[in-house]
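Both counts, for ligands and for their atoms, begin at 1 and track the order of listing.
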Amino acid sequence: MNEPRTNSRDPSDTRAKRDEVTYPIPEPNSFLNYAELRQLARRRLPRIIFDFIDRGTEDEHALRRNRNALDSVRIRPRALRGGGVRNQATSLFGQNCDTPIIVAPTAFAGLVWYQGELELAKAAAANGMPFCAATEALTPVEEIAAASNGPIWFQLYLWEKEEFTRDLLERVWSSGVRTLLVTCDNSVSANREYNIRSGFGMPLRYSTRNLCDVAFHPRWALGVFARYLATGSVPTFANYPAAYRSSILSRNTKALRYQPIGWDHIRWIRDLWKGNLILKGILRADDAILGAKLGADGVVVSNHGGRNLDGAVAPIEVLAEIVDAVGKQLTVIADSGVQRGSDILKLLAVGAKAVMIGRGLLYATAVGGSSGASRMVGILQRELDIALGMSGCNDIGELDRSLIEMPGVKPMAGWRECRSAVPLPDLDPIPDLDAINSPQIAS
Ligand SMILES: Cc1cc2nc3c(=O)[nH]c(=O)nc-3n(C[C@H](O)[C@H](O)[C@H](O)COP(=O)(O)O)c2cc1C
(Lines give C-alpha, C1' and ligand atoms only; values in the text may rest on other atoms or scores of the structure.)
Protein backbone atom coordinates (compact mmCIF):
# COMPACT_ATOMS: atom_id res chain seq x y z
CA MET A 1 0.00 0.00 0.00
CA ASN A 2 1.25 3.47 -0.82
CA GLU A 3 1.94 5.59 2.26
CA PRO A 4 0.54 9.10 1.91
CA ARG A 5 3.43 11.52 1.71
CA THR A 6 3.71 14.55 3.95
CA ASN A 7 6.32 17.30 3.96
CA SER A 8 9.78 15.91 4.21
CA ARG A 9 11.86 17.35 7.05
CA ASP A 10 15.04 16.44 5.23
CA PRO A 11 16.66 19.72 4.26
CA SER A 12 18.94 17.95 1.81
CA ASP A 13 15.88 17.65 -0.43
CA THR A 14 15.52 20.21 -3.13
CA ARG A 15 13.35 23.15 -2.06
CA ALA A 16 10.57 22.02 -4.36
CA LYS A 17 10.56 18.55 -2.90
CA ARG A 18 10.64 19.92 0.62
CA ASP A 19 7.42 21.76 -0.10
CA GLU A 20 5.65 18.72 -1.44
CA VAL A 21 2.42 17.95 0.36
CA THR A 22 -0.15 15.45 -0.74
CA TYR A 23 -2.65 16.14 2.03
CA PRO A 24 -4.57 19.36 1.49
CA ILE A 25 -3.03 22.28 3.32
CA PRO A 26 -5.19 22.93 6.39
CA GLU A 27 -7.10 26.08 7.17
CA PRO A 28 -5.16 28.67 9.14
CA ASN A 29 -5.01 27.81 12.81
CA SER A 30 -5.67 24.13 12.24
CA PHE A 31 -2.07 23.20 11.39
CA LEU A 32 -0.75 20.18 13.19
CA ASN A 33 2.97 20.68 12.94
CA TYR A 34 5.83 22.91 11.82
CA ALA A 35 5.82 21.63 8.22
CA GLU A 36 2.11 22.35 7.71
CA LEU A 37 2.53 25.72 9.33
CA ARG A 38 5.41 26.61 7.03
CA GLN A 39 3.20 25.85 4.03
CA LEU A 40 0.48 28.12 5.35
CA ALA A 41 2.94 30.95 6.00
CA ARG A 42 4.34 30.54 2.53
CA ARG A 43 0.87 31.07 1.12
CA ARG A 44 0.05 34.00 3.36
CA LEU A 45 3.21 36.07 3.00
CA PRO A 46 4.54 37.85 -0.07
CA ARG A 47 7.49 35.87 -1.40
CA ILE A 48 9.97 38.64 -0.58
CA ILE A 49 9.04 38.40 3.12
CA PHE A 50 8.68 34.64 3.26
CA ASP A 51 12.14 34.17 1.78
CA PHE A 52 13.68 36.64 4.22
CA ILE A 53 12.35 34.53 7.08
CA ASP A 54 12.70 31.08 5.65
CA ARG A 55 16.05 30.98 3.99
CA GLY A 56 19.63 30.67 5.19
CA THR A 57 22.74 32.23 3.79
CA GLU A 58 24.78 31.62 0.64
CA ASP A 59 24.33 27.95 -0.33
CA GLU A 60 22.36 27.12 2.82
CA HIS A 61 24.74 24.40 4.06
CA ALA A 62 24.36 25.58 7.65
CA LEU A 63 20.58 25.61 7.33
CA ARG A 64 20.58 22.00 6.14
CA ARG A 65 23.19 20.98 8.68
CA ASN A 66 21.00 22.18 11.54
CA ARG A 67 18.32 19.71 10.52
CA ASN A 68 20.68 16.89 9.58
CA ALA A 69 22.51 17.15 12.90
CA LEU A 70 19.28 17.12 14.94
CA ASP A 71 17.92 14.24 12.88
CA SER A 72 21.12 12.23 13.33
CA VAL A 73 20.64 12.21 17.11
CA ARG A 74 18.73 9.13 18.19
CA ILE A 75 16.78 8.69 21.39
CA ARG A 76 17.30 5.59 23.59
CA PRO A 77 14.10 5.58 25.61
CA ARG A 78 13.77 4.14 29.10
CA ALA A 79 10.88 1.72 29.05
CA LEU A 80 7.84 1.64 31.33
CA ARG A 81 8.39 4.88 33.21
CA GLY A 82 6.96 7.93 31.50
CA GLY A 83 3.28 7.38 32.12
CA GLY A 84 2.80 9.73 35.06
CA VAL A 85 1.97 13.41 35.14
CA ARG A 86 4.76 15.06 33.20
CA ASN A 87 6.32 18.41 33.89
CA GLN A 88 8.23 20.69 31.55
CA ALA A 89 8.31 23.77 33.74
CA THR A 90 11.69 25.29 34.46
CA SER A 91 13.20 28.51 35.72
CA LEU A 92 15.43 30.92 33.84
CA PHE A 93 17.33 33.64 35.68
CA GLY A 94 15.07 33.28 38.68
CA GLN A 95 11.84 33.47 36.66
CA ASN A 96 9.49 30.52 36.51
CA CYS A 97 8.63 29.38 32.99
CA ASP A 98 5.91 26.90 32.03
CA THR A 99 8.05 25.45 29.27
CA PRO A 100 11.74 25.45 28.27
CA ILE A 101 10.92 27.43 25.10
CA ILE A 102 11.92 31.08 24.49
CA VAL A 103 10.79 33.28 21.60
CA ALA A 104 14.02 34.07 19.72
CA PRO A 105 14.74 37.66 18.73
CA THR A 106 13.78 38.25 15.12
CA ALA A 107 14.12 41.44 13.11
CA PHE A 108 11.08 42.68 11.20
CA ALA A 109 8.59 40.47 13.12
CA GLY A 110 6.14 43.36 12.71
CA LEU A 111 6.04 42.66 8.99
CA VAL A 112 4.43 39.24 9.26
CA TRP A 113 1.35 40.54 11.10
CA TYR A 114 0.14 43.98 12.13
CA GLN A 115 2.25 44.76 15.21
CA GLY A 116 3.63 41.23 15.05
CA GLU A 117 6.02 41.80 17.95
CA LEU A 118 3.12 42.59 20.27
CA GLU A 119 1.30 39.44 19.11
CA LEU A 120 4.36 37.32 19.81
CA ALA A 121 4.92 38.93 23.20
CA LYS A 122 1.28 38.31 24.15
CA ALA A 123 1.52 34.67 23.08
CA ALA A 124 4.73 34.25 25.07
CA ALA A 125 3.16 35.74 28.21
CA ALA A 126 0.03 33.59 27.81
CA ASN A 127 2.21 30.50 27.62
CA GLY A 128 4.53 31.38 30.49
CA MET A 129 7.67 31.80 28.41
CA PRO A 130 10.13 34.67 27.75
CA PHE A 131 9.91 36.82 24.65
CA CYS A 132 13.14 38.34 23.37
CA ALA A 133 12.57 41.62 21.53
CA ALA A 134 15.06 42.53 18.79
CA THR A 135 16.99 45.76 18.21
CA GLU A 136 15.51 45.65 14.71
CA ALA A 137 11.92 45.24 15.91
CA LEU A 138 9.26 47.42 14.32
CA THR A 139 7.63 48.02 17.71
CA PRO A 140 9.49 49.98 20.41
CA VAL A 141 10.74 47.97 23.36
CA GLU A 142 8.72 50.18 25.75
CA GLU A 143 5.47 49.25 24.02
CA ILE A 144 6.30 45.55 24.01
CA ALA A 145 7.19 45.59 27.70
CA ALA A 146 4.04 47.54 28.57
CA ALA A 147 1.77 45.19 26.60
CA SER A 148 3.09 42.00 28.18
CA ASN A 149 2.85 40.62 31.68
CA GLY A 150 5.48 37.99 30.96
CA PRO A 151 9.28 38.11 30.98
CA ILE A 152 10.67 40.35 28.21
CA TRP A 153 14.31 40.07 27.16
CA PHE A 154 16.11 42.35 24.72
CA GLN A 155 18.58 41.49 21.94
CA LEU A 156 21.27 44.07 21.25
CA TYR A 157 23.17 45.00 18.10
CA LEU A 158 25.85 47.59 18.75
CA TRP A 159 25.87 50.86 16.83
CA GLU A 160 29.02 52.62 15.79
CA LYS A 161 28.27 55.63 17.98
CA GLU A 162 28.67 54.51 21.57
CA GLU A 163 26.15 57.07 22.86
CA PHE A 164 23.38 55.54 20.72
CA THR A 165 23.92 52.12 22.23
CA ARG A 166 24.11 53.64 25.71
CA ASP A 167 20.81 55.48 25.15
CA LEU A 168 19.14 52.32 23.86
CA LEU A 169 20.31 50.36 26.90
CA GLU A 170 18.82 53.05 29.13
CA ARG A 171 15.51 52.78 27.27
CA VAL A 172 15.59 49.00 27.62
CA TRP A 173 16.34 49.16 31.35
CA SER A 174 13.70 51.85 31.98
CA SER A 175 11.09 49.71 30.26
CA GLY A 176 11.68 47.07 32.93
CA VAL A 177 13.73 44.58 30.91
CA ARG A 178 16.40 42.86 32.99
CA THR A 179 17.81 40.28 30.59
CA LEU A 180 20.01 41.45 27.73
CA LEU A 181 21.13 39.20 24.93
CA VAL A 182 24.07 40.42 22.86
CA THR A 183 24.35 38.92 19.39
CA CYS A 184 27.96 37.86 18.87
CA ASP A 185 27.85 36.15 15.48
CA ASN A 186 27.58 39.17 13.22
CA SER A 187 30.92 40.94 13.19
CA VAL A 188 30.27 41.30 9.46
CA SER A 189 26.99 41.29 7.55
CA ALA A 190 25.77 37.95 6.27
CA ASN A 191 25.77 37.30 2.54
CA ARG A 192 22.09 36.63 1.83
CA GLU A 193 21.98 36.79 -1.93
CA TYR A 194 18.23 36.18 -2.23
CA ASN A 195 17.59 39.45 -0.38
CA ILE A 196 19.70 41.30 -2.93
CA ARG A 197 17.74 39.69 -5.76
CA SER A 198 14.32 40.19 -4.15
CA GLY A 199 14.94 43.73 -2.95
CA PHE A 200 14.37 42.95 0.72
CA GLY A 201 16.19 45.44 2.90
CA MET A 202 15.95 48.82 4.49
CA PRO A 203 14.25 50.44 2.62
CA LEU A 204 12.27 47.76 0.76
CA ARG A 205 12.89 48.05 -2.98
CA TYR A 206 9.92 48.76 -5.23
CA SER A 207 9.73 46.75 -8.45
CA THR A 208 6.93 45.48 -10.65
CA ARG A 209 7.66 42.02 -9.36
CA ASN A 210 7.35 43.09 -5.72
CA LEU A 211 4.13 44.99 -6.36
CA CYS A 212 2.64 41.90 -8.06
CA ASP A 213 3.93 39.77 -5.19
CA VAL A 214 2.01 41.95 -2.71
CA ALA A 215 -1.08 42.09 -4.93
CA PHE A 216 -1.19 38.28 -5.03
CA HIS A 217 -1.23 38.17 -1.22
CA PRO A 218 -4.28 40.29 -0.45
CA ARG A 219 -4.70 39.07 3.13
CA TRP A 220 -1.24 40.32 3.93
CA ALA A 221 -1.63 43.47 1.84
CA LEU A 222 -4.88 44.44 3.57
CA GLY A 223 -4.44 42.88 6.98
CA VAL A 224 -0.89 44.02 7.57
CA PHE A 225 0.35 46.65 5.22
CA ALA A 226 -2.85 48.61 4.57
CA ARG A 227 -3.53 48.53 8.29
CA TYR A 228 -0.20 50.20 9.01
CA LEU A 229 -0.95 52.81 6.35
CA ALA A 230 -4.48 53.36 7.68
CA THR A 231 -3.16 54.04 11.17
CA GLY A 232 -0.52 56.39 9.75
CA SER A 233 2.28 54.26 11.08
CA VAL A 234 4.42 52.89 8.25
CA PRO A 235 6.82 50.54 10.03
CA THR A 236 10.22 51.82 11.11
CA PHE A 237 13.01 50.34 13.18
CA ALA A 238 11.37 51.65 16.31
CA ASN A 239 14.35 51.14 18.62
CA TYR A 240 16.67 53.25 16.49
CA PRO A 241 17.68 56.73 17.62
CA ALA A 242 14.95 59.20 16.55
CA ALA A 243 17.01 60.81 13.76
CA TYR A 244 17.49 57.44 12.04
CA ARG A 245 13.95 56.12 12.41
CA SER A 246 12.73 56.44 8.82
CA SER A 247 10.01 54.20 7.40
CA ILE A 248 10.81 50.94 5.63
CA LEU A 249 9.59 52.57 2.40
CA SER A 250 11.49 55.83 2.71
CA ARG A 251 14.20 56.57 0.17
CA ASN A 252 15.76 59.08 2.57
CA THR A 253 16.95 56.61 5.14
CA LYS A 254 19.87 58.00 7.12
CA ALA A 255 22.23 55.07 7.41
CA LEU A 256 23.03 53.95 10.92
CA ARG A 257 26.14 51.82 10.96
CA TYR A 258 26.60 48.86 13.22
CA GLN A 259 29.76 48.41 15.23
CA PRO A 260 31.75 45.28 14.39
CA ILE A 261 31.49 43.73 17.82
CA GLY A 262 34.50 42.36 19.72
CA TRP A 263 35.32 41.07 23.21
CA ASP A 264 36.15 44.58 24.44
CA HIS A 265 32.55 45.54 23.76
CA ILE A 266 31.35 42.67 25.92
CA ARG A 267 33.49 44.00 28.76
CA TRP A 268 32.02 47.48 28.15
CA ILE A 269 28.43 46.20 28.09
CA ARG A 270 29.05 44.14 31.23
CA ASP A 271 30.08 47.30 33.06
CA LEU A 272 27.06 49.17 31.76
CA TRP A 273 24.31 46.56 32.14
CA LYS A 274 23.39 45.56 35.66
CA GLY A 275 20.94 42.82 34.68
CA ASN A 276 21.46 39.35 33.22
CA LEU A 277 23.80 39.25 30.25
CA ILE A 278 23.61 36.49 27.64
CA LEU A 279 25.94 36.05 24.66
CA LYS A 280 24.12 34.74 21.60
CA GLY A 281 25.85 32.96 18.75
CA ILE A 282 28.53 31.04 20.68
CA LEU A 283 29.75 27.83 19.01
CA ARG A 284 33.01 27.14 20.85
CA ALA A 285 33.85 26.19 24.43
CA ASP A 286 36.79 28.64 24.56
CA ASP A 287 34.48 31.53 23.63
CA ALA A 288 31.96 30.43 26.24
CA ILE A 289 34.73 30.32 28.86
CA LEU A 290 35.89 33.80 27.86
CA GLY A 291 32.29 35.00 28.14
CA ALA A 292 32.05 33.52 31.63
CA LYS A 293 35.31 35.20 32.63
CA LEU A 294 33.95 38.55 31.43
CA GLY A 295 30.90 38.12 33.62
CA ALA A 296 28.23 36.83 31.25
CA ASP A 297 25.37 34.93 32.87
CA GLY A 298 24.46 32.78 29.90
CA VAL A 299 25.17 31.81 26.31
CA VAL A 300 22.96 30.87 23.40
CA VAL A 301 24.63 28.12 21.40
CA SER A 302 23.41 29.18 17.98
CA ASN A 303 24.40 29.55 14.34
CA HIS A 304 21.65 32.15 13.89
CA GLY A 305 19.35 29.56 12.34
CA GLY A 306 21.85 29.00 9.50
CA ARG A 307 21.47 32.63 8.44
CA ASN A 308 24.96 34.00 9.03
CA LEU A 309 28.05 31.86 8.38
CA ASP A 310 27.35 29.18 5.82
CA GLY A 311 29.34 26.10 6.74
CA ALA A 312 29.03 26.78 10.48
CA VAL A 313 28.65 23.77 12.75
CA ALA A 314 25.17 22.97 14.02
CA PRO A 315 24.62 23.91 17.67
CA ILE A 316 23.83 20.35 18.77
CA GLU A 317 27.23 19.22 17.48
CA VAL A 318 29.09 21.49 19.92
CA LEU A 319 26.56 21.81 22.73
CA ALA A 320 28.01 19.02 24.89
CA GLU A 321 31.50 20.52 24.81
CA ILE A 322 30.13 23.94 25.78
CA VAL A 323 27.90 22.61 28.56
CA ASP A 324 30.81 20.62 29.96
CA ALA A 325 33.01 23.72 29.90
CA VAL A 326 30.67 26.33 31.40
CA GLY A 327 27.44 24.60 32.46
CA LYS A 328 28.24 25.15 36.15
CA GLN A 329 28.68 28.89 35.75
CA LEU A 330 26.36 29.83 32.91
CA THR A 331 22.83 29.16 31.72
CA VAL A 332 23.26 27.41 28.38
CA ILE A 333 20.47 27.89 25.84
CA ALA A 334 20.43 26.46 22.30
CA ASP A 335 18.64 27.19 19.04
CA SER A 336 18.73 26.76 15.24
CA GLY A 337 16.61 24.28 13.37
CA VAL A 338 14.22 23.25 16.15
CA GLN A 339 10.96 22.07 14.62
CA ARG A 340 9.62 19.32 16.89
CA GLY A 341 9.27 18.59 20.59
CA SER A 342 11.73 15.72 20.10
CA ASP A 343 14.32 18.28 18.88
CA ILE A 344 13.82 20.17 22.14
CA LEU A 345 14.20 16.93 24.09
CA LYS A 346 17.49 16.17 22.33
CA LEU A 347 18.97 19.60 23.11
CA LEU A 348 17.86 19.43 26.74
CA ALA A 349 19.23 15.91 27.08
CA VAL A 350 22.64 17.10 25.87
CA GLY A 351 22.51 19.81 28.53
CA ALA A 352 20.73 22.96 27.31
CA LYS A 353 18.51 24.59 29.92
CA ALA A 354 16.07 25.90 27.29
CA VAL A 355 15.73 26.38 23.54
CA MET A 356 14.87 29.35 21.37
CA ILE A 357 12.53 29.17 18.37
CA GLY A 358 12.80 31.70 15.56
CA ARG A 359 11.16 30.83 12.25
CA GLY A 360 8.45 28.55 13.65
CA LEU A 361 6.91 31.34 15.70
CA LEU A 362 7.22 33.86 12.89
CA TYR A 363 5.33 31.54 10.52
CA ALA A 364 2.73 31.02 13.23
CA THR A 365 2.29 34.75 13.82
CA ALA A 366 1.99 35.29 10.07
CA VAL A 367 -0.81 32.75 9.94
CA GLY A 368 -2.78 33.63 13.03
CA GLY A 369 -1.26 36.46 15.09
CA SER A 370 -0.94 35.67 18.77
CA SER A 371 -3.38 32.75 18.59
CA GLY A 372 -1.29 31.21 15.78
CA ALA A 373 1.86 31.63 17.87
CA SER A 374 0.11 30.12 20.90
CA ARG A 375 -1.05 27.19 18.80
CA MET A 376 2.51 26.49 17.65
CA VAL A 377 3.83 26.72 21.21
CA GLY A 378 1.07 24.33 22.29
CA ILE A 379 2.04 21.88 19.55
CA LEU A 380 5.71 21.98 20.57
CA GLN A 381 4.77 21.54 24.23
CA ARG A 382 2.56 18.58 23.40
CA GLU A 383 5.25 17.01 21.22
CA LEU A 384 7.81 17.52 23.98
CA ASP A 385 5.39 15.98 26.46
CA ILE A 386 4.93 12.93 24.24
CA ALA A 387 8.68 12.62 23.64
CA LEU A 388 9.29 12.87 27.40
CA GLY A 389 6.74 10.21 28.21
CA MET A 390 7.94 7.92 25.43
CA SER A 391 11.51 8.35 26.69
CA GLY A 392 10.51 7.30 30.19
CA CYS A 393 10.75 10.74 31.81
CA ASN A 394 8.21 12.59 33.90
CA ASP A 395 10.19 15.80 34.18
CA ILE A 396 12.62 17.63 31.91
CA GLY A 397 15.07 17.53 34.82
CA GLU A 398 15.35 13.78 34.26
CA LEU A 399 16.74 14.22 30.76
CA ASP A 400 20.39 13.31 30.37
CA ARG A 401 22.81 12.03 27.79
CA SER A 402 22.11 8.40 28.56
CA LEU A 403 18.89 8.93 26.59
CA ILE A 404 20.57 9.83 23.36
CA GLU A 405 23.06 8.54 20.88
CA MET A 406 24.94 11.02 18.81
CA PRO A 407 28.21 11.09 16.97
CA GLY A 408 31.03 12.18 19.27
CA VAL A 409 29.12 12.25 22.56
CA LYS A 410 29.73 9.47 25.03
CA PRO A 411 26.66 8.20 26.83
CA MET A 412 26.45 9.46 30.41
CA ALA A 413 29.22 12.02 29.82
CA GLY A 414 28.23 13.55 33.12
CA TRP A 415 26.68 16.96 32.52
CA ARG A 416 24.45 16.38 35.52
CA GLU A 417 27.24 17.60 37.78
CA CYS A 418 27.07 20.87 35.85
CA ARG A 419 23.54 21.58 37.04
CA SER A 420 21.63 20.74 40.19
CA ALA A 421 21.05 17.02 39.97
CA VAL A 422 17.48 15.74 39.83
CA PRO A 423 16.91 12.37 41.46
CA LEU A 424 16.04 9.50 39.18
CA PRO A 425 12.50 8.14 39.47
CA ASP A 426 11.82 5.92 42.42
CA LEU A 427 12.29 2.26 41.48
CA ASP A 428 9.89 0.97 44.20
CA PRO A 429 7.01 0.31 41.83
CA ILE A 430 9.15 -2.31 40.05
CA PRO A 431 9.22 -5.09 42.66
CA ASP A 432 10.73 -7.73 40.41
CA LEU A 433 14.00 -5.89 39.88
CA ASP A 434 15.63 -7.65 42.85
CA ALA A 435 14.45 -11.00 41.61
CA ILE A 436 15.82 -10.32 38.17
CA ASN A 437 19.21 -9.47 39.70
CA SER A 438 19.14 -12.41 42.15
CA PRO A 439 21.99 -14.99 42.13
CA GLN A 440 19.59 -17.83 41.31
CA ILE A 441 18.73 -16.25 37.98
CA ALA A 442 22.37 -15.39 37.31
CA SER A 443 23.29 -19.04 37.71
C1 LIG B 1 13.58 36.46 10.17
C2 LIG B 1 14.63 36.29 11.21
C3 LIG B 1 15.21 37.42 11.78
C4 LIG B 1 16.18 37.27 12.77
N5 LIG B 1 16.70 38.38 13.36
C6 LIG B 1 17.61 38.26 14.36
C7 LIG B 1 18.12 39.40 15.02
O8 LIG B 1 17.75 40.54 14.72
N9 LIG B 1 19.04 39.20 16.00
C10 LIG B 1 19.47 37.95 16.35
O11 LIG B 1 20.31 37.82 17.24
N12 LIG B 1 18.98 36.85 15.75
C13 LIG B 1 18.07 36.98 14.76
N14 LIG B 1 17.57 35.86 14.16
C15 LIG B 1 18.03 34.52 14.58
C16 LIG B 1 17.12 33.97 15.68
O17 LIG B 1 17.22 34.72 16.85
C18 LIG B 1 17.44 32.51 16.00
O19 LIG B 1 18.79 32.40 16.35
C20 LIG B 1 17.14 31.56 14.85
O21 LIG B 1 16.01 31.97 14.15
C22 LIG B 1 16.93 30.16 15.38
O23 LIG B 1 16.73 29.25 14.34
P24 LIG B 1 15.30 28.78 13.83
O25 LIG B 1 14.76 29.91 13.02
O26 LIG B 1 15.60 27.59 12.99
O27 LIG B 1 14.44 28.47 15.02
C28 LIG B 1 16.60 35.98 13.17
C29 LIG B 1 16.01 34.86 12.59
C30 LIG B 1 15.03 35.00 11.63
C31 LIG B 1 14.40 33.78 11.05
Around atom 17 (O) of ligand 1, find the nearest protein heavy atom and jot down its residue, atom name and distance.
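The protein heavy atom lying closest is P105 O, 2.7 Å.
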
Numbering as shown, the atoms of ligand 1 that approach [X] to under 4.0 Å (heavy-atom distance):
{"X": "A104", "answer": "16 (C), 17 (O), 18 (C)"}
{"X": "S336", "answer": "22 (C), 23 (O), 26 (O)"}
{"X": "I53", "answer": "1 (C), 31 (C)"}
{"X": "G358", "answer": "21 (O), 24 (P), 25 (O), 27 (O)"}

What part of [X], side chain, backbone, both or neither, has a heavy atom within less than 4.0 angstrom of ligand 1?
{"X": "S302", "result": "side chain"}
{"X": "Q339", "result": "neither"}
{"X": "L362", "result": "side chain"}
{"X": "Q155", "result": "side chain"}

Does the Lys NZ or Arg CZ of R38 fall within the cation-pi geometry relative to F50 - under 6.0 Å from the ring centre and within 45° of the axis?
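The answer is no; the distance or angle limit is not met.
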
Practice prompt. Could you note down all residue pairs passing side chain to side chain donor-acceptor pair (under 3.5 Å) where residues 369-378 supplies at least one of them, sequence neighbours left out?
Written response: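 Found N29-S371, N127-S374.
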
Does ligand 1 have an atom under 4.0 Å from some heavy atom of F108?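 F108 does not count as a contact of ligand 1 under the 4.0 Å cut-off.
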
Original post:
Relative to atom 3 (C) of ligand 1, which among A107, G337, C132 owns the nearest non-hydrogen atom?
Top reply: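 The residue whose heavy atom sits nearest atom 3 (C) of ligand 1 is A107.
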
message = Against H61, only a single residue in E58, R64, R65 fulfils side chain to side chain donor-acceptor pair (under 3.5 Å); can you say which?
response =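 Among E58, R64, R65, the one meeting side chain to side chain donor-acceptor pair (under 3.5 Å) with H61 is R64.
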
Legend entry - Candidates E170, E162, E163 - the one meeting side chain to side chain donor-acceptor pair (under 3.5 Å) with R166: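 Only one option passes, and that is E162.
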
- Carboxylate-amine/guanidinium proximity below 4.0 Å for R192 and D51: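 Judged by the 4.0 Å cut-off on N to carboxylate O distance, R192 and D51 do not form a salt bridge.
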
Q. Backbone N or O of Q259 within a donor-acceptor pair of the E160 side chain at under 3.5 Å?
A.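 No; judged by distance alone, with no hydrogens or angles, the pair does not exist.
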
Closest contact, heavy atoms only, Y114 versus E119
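What the structure gives for the nearest pair is O-CG, 4.1 Å.
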
Hey, what's the ring geometry for W153 with F93, parallel, tilted or perpendicular (30° and 60° as the breaks)?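 Because their plane-to-plane angle is over 60°, the rings of W153 and F93 count as perpendicular.
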
query = Would you say T106 and ligand 1 have an N/O pair spaced under 3.5 Å apart?
reply =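 In fact, backbone or side chain, T106 has no N or O that close.
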
